[in-house]
Novice: 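Let me give you the structure first, and then I'll get to my questions.
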Amino acid sequence: MQFIYYPKCTTCQKAKKWLDEHNIEYTERHIVEENPSYEELKKWHKQIGIPLKKFFNFSGQLYREMKLKDKLPEMSEEEQLKLLSTHGMLVKRPIIVGNDNVLAGFKESEWESLL
């Protein structure tokens with residue numbers, strides 16, 4: 001299982017602690033140093049089945065600086081995927097990628113039922 005995160009993110013820190021406390025093995029991937037690719041994001045989007053806009057880090061500084069709140073509704077999914085693949089700070093985190101599932105964001109109840 002892959003744990004894609006930003007080390008300074010407090011939500012990511014909580015998620016990592018949760019994984020460790022539950023003895024779940026994972027490999028770490030720094031979301032900025034190794035940004036998810038267009039192909040990965042497209043695959044994960046299909047696996048999760050949630051609206052693509054939920055892959056965006058709404059609370060991030062880069063999201064606000066780019067004024068994406070106003071721009072996203074006008075963008076196609078293709079354009080959104082390409083944009084997400086340009087910078088890890090745009091992507092909601094943490095992301096867990098397993099063999100059969102993908103989780104974006106940390107919701108303990110969701111992680112308990114799927115991991």
Novice: Does the side chain of Thr27 come within less than 4.5 Å of Phe3's, by heavy atoms?
Specialist: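 They are not in contact (no side-chain heavy atoms under 4.5 Å apart), so the answer is no.
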
Novice: For Ile96, run the side chain to side chain contact (heavy atoms under 4.5 Å, CB included) check against Ile4, Leu115, Val102 and tell me which one passes.
Specialist: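 Result for side chain to side chain contact (heavy atoms under 4.5 Å, CB included) with Ile96: Leu115.
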
Novice: Testing Cys9, Pro7, Pro36 one by one against Ile31 for a side chain to side chain contact (heavy atoms under 4.5 Å, CB included), which residue passes?
Specialist: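 With Ile31 as partner, side chain to side chain contact (heavy atoms under 4.5 Å, CB included) holds for just one option, Pro36.
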
Novice: Pick from Arg93, Glu28, Arg29, His30: which one makes a side-chain hydrogen bond (donor to acceptor under 3.5 Å, both in side chains) with Tyr5?
Specialist: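 So, applying the side-chain hydrogen bond (donor to acceptor under 3.5 Å, both in side chains) to Tyr5 and each of Arg93, Glu28, Arg29, His30, only Glu28 qualifies.
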
Novice: Could you tell me which non-hydrogen atom of Met66 sits nearest to which non-hydrogen atom of Lys71, and how far apart they are?
Specialist: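 Of all heavy-atom pairs spanning Met66 and Lys71, the closest is O-NZ, 3.1 Å.
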
Novice: Please find the pair of heavy atoms, one from Leu90 and one from Leu68, that lie closest to each other, and give the distance.
Specialist: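 Looking at all heavy atoms of both residues, the shortest contact is CD2-CD1, 3.7 Å.
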
Novice: Atom CD of residue position Gln61 - does it have more than 12 heavy atoms of other residues, nucleotides or ligands inside 6.0 Å?
Specialist: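 Counting other residues, nucleotides and ligands, CD of Gln61 stays at 12 neighbours or fewer.
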
Novice: Surrounding CD of Glu25 (heavy atoms of other residues, nucleotides or ligands, distance under 6.0 Å), is the total greater than 12?
Specialist: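 Open.
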
Novice: Treat each ILVMFWY residue as a node, draw an edge where side-chain heavy atoms are under 4.5 Å apart, and state whether Val97 and Met1 are in one component.
Specialist: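 Different clusters.
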
Novice: Is there a side-chain contact between Cys12 and Pro94 (heavy atoms, below 4.5 Å)?
Specialist: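 The answer is yes, as the side chains (C-beta and beyond) meet within the 4.5 Å cut-off.
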
Novice: How about Asn57 and Ser59: does a side-chain donor come under 3.5 Å of a side-chain acceptor?
Specialist: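 Checked: Asn57/Ser59 side chains pair up, N/O donor to acceptor below 3.5 Å.
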
Novice: Same cluster or not: are Val32 and Tyr38 linked, directly or through other Ile, Leu, Val, Met, Phe, Trp or Tyr residues, by side-chain heavy atoms under 4.5 angstrom apart?
Specialist: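 Same cluster.
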
Novice: Can you name the closest pair of heavy atoms from Asn99 and Gln47 and give their distance?
Specialist: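 Answer, listing the atom of Asn99 first, then Gln47: O-NE2, 4.3 Å.
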
